[in-house]
Novice: 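Could you have a look at this structure, given as structure tokens, before my questions?
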Amino acid sequence: MTWTAPGVDRRDPPLVSGERAAPESWLDYERETLLLKCAGLTAGQLRTPAVPPSGLTLLGLVRHMTDVERWWFRMHGANQDMPFRYVTEDNLNGDFDDLDEPGAPAVLAAFW
């Protein structure tokens, strides 16, 4: 059996909401939009560039957004001392490179 990315129930955010609820609901909407693009694709399809010769992949985008949110909310916002998941000093493009490990299910779970 081949693994495929799970479906996503994307909800439209409210057009009028509180000061904190508004950005939280729009951030959830954007996260769900990225995962919706991945839904139903196999791990191999998530690692395949959509438009060669570009190396940009959906899995790379999910990995990138995982590290971006880690930096903004935990490292920068909460001042937690922690490493990035995919980017290293030796490979500043690690979020877009080396897509075999960890596997796609773990990458999508870490993002969600």
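Just so you know, residue 1 is the first one in the sequence shown, and it goes up from there. Quick caveat: nothing in here was measured; it's all calculated off a predicted structure.
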Novice: Does Phe111 reach the side chain of Arg63, with side-chain heavy atoms less than 4.5 Å apart?
Specialist: no

Novice: Nearest 0.5 Å, what's the OG1-CZ distance between Thr57 and Arg47?
Specialist: 9.0 Å

Novice: Is there side-chain contact between Val16 and Pro14, with at least one heavy-atom pair below 4.5 Å?
Specialist: no

Novice: Find the distance between CG (Asn79) and CZ (Arg74) and round it off to the nearest 0.5 Å.
Specialist: 12.5 Å

Novice: At what distance, to the nearest 0.5 angstrom, does CG of Asp67 lie from CZ of Arg85?
Specialist: 8.0 Å

Novice: side-chain contact (heavy atoms from CB on, under 4.5 Å) between Glu69 and Leu27: does it pass, once the steps are laid out?
Specialist: CA-CA 10 Å; Glu69 288 201 26; Leu27 183 56; 4.1 Å; yes

Novice: Kindly work out whether a path of hydrophobic side-chain contacts (I/L/V/M/F/W/Y, heavy atoms less than 4.5 Å apart) joins Leu36 to Tyr29.
Specialist: no

Novice: For Tyr86 and Val107: C-alpha separation, side-chain torsions, deciding distance, then whether side-chain contact (heavy atoms from CB on, under 4.5 Å) applies.
Specialist: CA-CA 10 Å; Tyr86 308 108; Val107 170; 3.8 Å; yes

Novice: As an exercise, state the distance from CD of Glu19 to CD of Glu24, rounded to the nearest 0.5 Å.
Specialist: 11.0 Å

Novice: Within a reach of under 6.0 Å around CH2 of Trp72, are more than 12 heavy atoms found that belong to other residues, nucleotides or ligands?
Specialist: no

Novice: Salt-bridged, Arg31 to Asp28, with N to O below 4.0 Å?
Specialist: yes

Novice: Which pair of heavy atoms, one from Ala39 and one from Gly7, lies closest together, and at what distance?
Specialist: CB-CA, 3.9 Å

Novice: Would you say the side-chain atoms of Thr4 pair up with the backbone N or O of Gly40, donor to acceptor, closer than 3.5 Å?
Specialist: no

Novice: Can you tell me how far the CZ atom of Arg11 sits from the CD atom of Glu32, to the nearest 0.5 Å?
Specialist: 4.5 Å

Novice: Find out if a path of hydrophobic residues (ILVMFWY) with successive side-chain heavy-atom gaps under 4.5 Å connects Leu56 to Leu35.
Specialist: yes

Novice: On a heavy-atom basis, which atom in Ala5 and which in Leu108 lie closest, and how many Å separate them?
Specialist: CB-CD2, 3.8 Å

Novice: How close do Ala104 and Ala43 get, heavy atom to heavy atom, and via which atoms?
Specialist: CB-CB, 3.8 Å

Novice: Rounded to the nearest 0.5 Å, how far does CG of Leu58 lie from CG of Leu34?
Specialist: 7.0 Å

Novice: Flag the pair Asn91 / Asn93 as yes when at least one side-chain heavy-atom distance between them is below 4.5 Å, and no otherwise.
Specialist: yes

Novice: Flag the pair Leu46 / Trp3 as yes when at least one side-chain heavy-atom distance between them is below 4.5 Å, and no otherwise.
Specialist: yes

Novice: Would one find more than 12 heavy atoms of other residues, nucleotides or ligands at under 6.0 Å from atom CD of Glu89?
Specialist: no

Novice: Assigning hydrophobic clusters by single linkage (Ile, Leu, Val, Met, Phe, Trp, Tyr; side-chain heavy-atom cutoff under 4.5 Å), is Trp26 placed with Phe73?
Specialist: no

Novice: Do you know the tightest heavy-atom contact between Val62 and Cys38?
Specialist: CG2-SG, 3.8 Å

Novice: Taking the side chain as every heavy atom from C-beta outward, state whether Phe96 and Leu59 have any atom pair closer than 4.5 Å.
Specialist: no

